[in-house]
Amino acid sequence: MTTAIPSSAFATSTSSFRASQSQMATPMSYADNPLTQLPAVDFNLEDLRKRMADFTIKFDAFIERGRKRVLEERNEFRARLGELNEEQRSSSTQIITLQSTLSTHSQVLAREQAEKNEMNAQISKLESHQAAQSAQRDRLKSAIAQTQRQIDAKLQAQREYAAKMEGQSRLNGPELSFWETYLGCRIEGSGDENKVRIVFVFPPSKGSGNGGEEREGLFELLVPDTGRGRYDVVYTKPRLEATKVAKVVDRLNATREIGTLLKGMRGLFGEALK
């Protein structure tokens with residue numbers, strides 16, 4: 001027995017089939033798929049840029065202070081040299097005056113034989129004074145030459161140090177930025193031009209009752225004046241074991257790599273802050 005299918009049911013089935021085909025023909029976008037959405041990650045780039053800018057400003061200020069110090073010493077040297085030259089000209093003028101006086105007395109002796117004894121005594125006095133002036137002039141010349149040598153040596157050392165610091169800053173800038181980002185630290189001035197303060201920031205410890213506050217560990221590094229000098233850690237907060245710190249500093253002085261120091265000190269602070 002054959003069962004008749006209503007035409008309305010056939011039309012409904014056909015519409016449903018076409019709608020299904022339409023949905024299948026429209027591809028789902030990659031962004032609409034919830035499985036492909038990535039979590040938002042905040043790298044805190046603005047804070048990183050600010051710290052890098054602060055470090056650049058402090059480093060430029062450090063270099064500018066060195067330049068000003070060299071300029072001040074140079075101006076002081078020039079002022080002192082001018083004074084010494086003025087004293088030398090004054091001494092030369094006095095010597096010329098005394099020589100003229102001596103010549104005048106010689107003429108007087110020739111004209112007035114009666115005053116010979118008195119004039120001889122005056123001549124002896126003037127000669128003694130001239131000898132003293134000559135000795136003083138020689139001492140001044142020697143002092144000027146010695147001062148000039150000292151100032152030249154100091155200026156040369158300052159120029160070499162400034163050139164070294166400028167070259168070192170070009171080399172260390174990218175490396176320091178990398179370590180600041182990689183190890184979560186910041187490099188600051190300590191108020192002493194021979195010291196650098198390095199601060200590590202640690203996340204809150206699990207199960208601590210401090211309300212989830214970040215913890216910090218810092219130390220001050222004594223930077224040598226010359227490339228052959230030794231680095232030294234002169235202060236830590238919190239206090240670390242001196243023997244462990246000494247081992248890290250010895251590795252730094254042996255390798256001259258700042259990364260060795262930063263990784264070693266971060267490890268010691270991590271143990272101390274557990």
Side-chain angles (χ1 to χ4, degrees), residues 47-74 76 150 153-202 214-273:
D47 182 62
L48 177 60
R49 292 191 186 98
K50 182 177 182 299
R51 287 185 292 169
M52 293 175 65
D54 293 341
F55 174 79
T56 302
I57 292 172
K58 293 177 181 179
F59 191 84
D60 291 342
F62 171 76
I63 296 299
E64 185 63 23
R65 288 196 300 271
R67 292 175 178 173
K68 288 183 179 179
R69 185 170 63 253
V70 171
L71 182 59
E72 290 174 357
E73 292 175 355
R74 183 183 300 171
E76 291 177 359
Q150 293 175 351
K154 193 168 185 179
L155 289 176
Q156 181 63 27
Q158 290 289 343
R159 285 192 293 267
E160 293 176 355
Y161 181 75
K164 177 184 175 183
M165 291 300 296
E166 183 177 1
Q168 192 67 27
S169 67
R170 294 193 186 123
L171 295 175
N172 291 344
E175 182 180 0
L176 291 177
S177 298
F178 167 78
W179 288 118
E180 284 182 340
T181 304
Y182 180 71
L183 296 178
C185 67
R186 63 179 184 270
I187 302 175
E188 305 173 342
S190 64
D192 187 342
E193 63 183 8
N194 293 326
K195 295 179 183 177
V196 175
R197 178 177 299 153
I198 301 174
V199 183
F200 294 100
V201 180
F202 294 87
E214 292 182 342
R215 299 162 299 160
E216 291 187 350
L218 64 89
F219 70 95
E220 290 184 356
L221 179 66
L222 180 63
V223 181
D225 292 335
T226 62
R228 295 188 297 271
R230 287 181 56 83
Y231 292 89
D232 192 15
V233 173
V234 296
Y235 175 76
T236 63
K237 182 181 180 182
R239 187 180 299 275
L240 303 176
E241 293 185 21
T243 54
K244 293 182 179 180
V245 174
K247 290 181 180 179
V248 175
V249 175
D250 288 341
R251 288 197 296 270
L252 169 64
N253 288 314
T255 62
R256 295 291 174 174
E257 295 179 358
I258 190 67
T260 301
L261 173 72
L262 295 177
K263 288 190 291 186
M265 293 302 293
R266 183 174 180 84
L268 294 180
F269 280 119
E271 293 176 0
L273 294 173

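- One finds the CG atom of Leu221 at 9.5 Å from the CD1 atom of Ile187 (value rounded to the nearest 0.5 Å).
- The side-chain heavy atoms of Val249 and Asn253, taken from C-beta on, include a pair separated by under 4.5 Å.
- For the pair Arg266 and Phe202, the cation-pi test (distance below 6.0 Å, angle within 45°) is passed.
- A salt bridge links Asp250 to Arg230: one of the charged nitrogens lies within less than 4.0 Å of a carboxylate oxygen.
- From Glu73, atom CD reaches atom CZ of Arg69 across 6.5 Å, with rounding to the nearest 0.5 Å.
- Residues Leu218 and Phe200 fail the side-chain proximity criterion, which asks for heavy atoms closer than 4.5 Å.
- Pairing each heavy atom of Leu240 with each of Ala272, the nearest pair is CD2-CB, 3.7 Å.
- The shortest side-chain heavy-atom distance between Leu261 and Phe219 falls under the 4.5 Å cut-off.
- Here CD1 of Ile198 is found 13.0 Å from OG1 of Thr236. Values are rounded to the nearest 0.5 Å.
- Annotation for Gln150: atom CD counts as buried by contact number, over 12 foreign heavy atoms lying within 6.0 Å.
- Ion pairing between a basic and an acidic side chain is recognised when a charged N comes within 4.0 Å of a carboxylate O; Glu216 and Arg186 show such pairing.
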Just distance, no hydrogens or angles: give the donor-acceptor pairs under 3.5 Å from side chains in residues 50-64, sequence neighbours left out.
unit_1	atom_1	unit_2	atom_2	d
Lys50	NZ	Asp54	OD2	3.1
Arg51	NE	Asp47	OD2	3.4
Thr56	OG1	Met52	O	2.9

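- Interatomic distance, Glu188 CD to Glu220 CD, rounded to the nearest 0.5 Å: 10.0 Å.
- Scanning for side chain to side chain donor-acceptor pair (under 3.5 Å) contacts around Arg239 gives an empty result, with sequence neighbours left out.
- In this structure, CZ in Arg197 is found 8.0 Å from OH in Tyr235, a value given to the nearest 0.5 Å.
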